Amino acid sequence: MHFGFQTVTEEERREKIYQVFENVAKKYDVMNDSMTLGIHRVWKDILVHKMNPCPGTLLLDVAGGTGDIAFRFINYVRSVRQRQLQRKLKHHQNLSWQEIFESYQKDEFNSLGDSQVVVCDINREMLKVGKQKAEHLGYSEGLSWVLGNAEELPFDDDKFDVYTIAFGIRNVTRIDLALQEAYRVLKPGGRFLCLEFSHVSNPLLSRLYDLYSFQVIPVLGEVIAGDWRSYQYLVESIRQFPPQEELKVMIEDAGFFKVDYENLNFGIVAIHSGFKL
């Protein structure tokens, strides 16, 4: 087992990673913006657009404590619902003002079309930050928060339509167990989506990326979050993470079909996708 470049036991790794996210939770969003120059927001948008959820979708977002994927999912489904309502009203040109008003009122009460997102995270501090953000931004409908371990999810079999994990699978102790659990909780026909830092294909960019990662990111961690070591670990953990083809095989071994991946920014991150058939 590795914790960054250190060799540790499974239990030591689990405890150390928990402590990392306990330490960085309050500054997690600010650090993400600083480390990626805000590009992480675009990557997360691409993930949700790739998901393309329709009203009624039940999403499980694992290791999603700060709510970034959950809030995007809610916004996306609301937008789809709004377009559906507009199309419906266009097809009924003879409706009275009262009927149009009532349609909008009814839609207001069910803006997600029974969609729900469950955010599951192992870290209480991360969940706390996410809940505070949700309250501040006005998200409450169709959103719930669950303390749970990706390797032993507290959910029934065949429950969710979509499973997402964004920048989280790198930090689980046993990736194979997390993938098996993802497969178990998805309904037949359900989709697995993973957004994660990966391996850069361009040699020149790879050298520049290494320079930035090891020389700049830990310094940002110290300046912004007062925590050099946690961000040194995060950089090292990216280098220890399986490359795209290797992770693809692991996802297939967990039982998923039609597994593929899309590199973003030359492989700095990749989105892996698979289906439970």
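Small disclaimer: the values here were computed from a predicted structure and weren't measured.
Side-chain contact between R14 and E151: present, with at least one pair of heavy atoms (C-beta onward) separated by less than 4.5 Å. Counting only heavy atoms from C-beta outward, the side chains of I268 and W43 approach each other to under 4.5 Å. Using a 4.5 Å heavy-atom threshold, the side chains of T57 and V77 count as separate. Side-chain atoms of K50 and R191, non-hydrogen and from C-beta on, do get closer than 4.5 Å to each other. Using a 4.5 Å heavy-atom threshold, the side chains of H40 and V269 count as separate.
A centroid separation of less than 6.0 Å is found between the aromatic rings of Y76 and H49.
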### Message
Let's go through K44 and V48 carefully: what are the C-alpha distance in whole Å and the side-chain angles of both, what is the deciding distance for side-chain contact (heavy atoms from CB on, under 4.5 Å) to 0.1 Å, and is it a yes or a no?
### Response
CA-CA 6 Å; K44 289 165 183 172; V48 174; 5.8 Å; no
### From CA spacing to verdict: side-chain contact (heavy atoms from CB on, under 4.5 Å), F21, D121
CA-CA 11 Å; F21 287 94; D121 201 295; over 6 Å; no
### Task
Assess whether side-chain contact (heavy atoms from CB on, under 4.5 Å) is satisfied between I238 and Y209, documenting all intermediate values.
CA-CA 11 Å; I238 294 167; Y209 179 48; 4.0 Å; yes
### Task
Step by step, work out the side-chain contact (heavy atoms from CB on, under 4.5 Å) result for K131 and V119.
CA-CA 10 Å; K131 287 177 184 176; V119 179; over 6 Å; no
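A side-chain N or O of E236 and one of Q232 form a donor-acceptor pair less than 3.5 Å apart. Between the side chains of Y261 and E245, at least one donor N or O sits under 3.5 Å from an acceptor N or O. Side-chain atoms of N171 and Y233 include a donor-acceptor pair closer than 3.5 Å.
The ring pair (Phe, Tyr, Trp, His ring centres under 6.0 Å) analysis of residues 159-195, with sequence neighbours excluded, yields the pairs F155-F160, Y163-F192, F167-F197, Y183-F256, F192-F256.
Minimum interatomic distance between A70 and L143 (heavy atoms only, all atoms of both residues): CB-CD1, 3.9 Å. Pairing each heavy atom of D68 with each of K133, the nearest pair is OD1-NZ, 2.8 Å. Annotation for S213 and V235: closest pair O-CG2, 3.3 Å, computed over non-hydrogen atoms.
Seen from the ring of F71, R78 does not count as a face-on cation partner, given the 6.0 Å and 45° thresholds.
With hydrogens and angles disregarded, no donor-acceptor distance shorter than 3.5 Å links the side chain of Q244 to the backbone of S198.
Going from atom NZ of K187 over to atom CG of L58 covers 6.0 Å, rounded to the nearest 0.5 Å.
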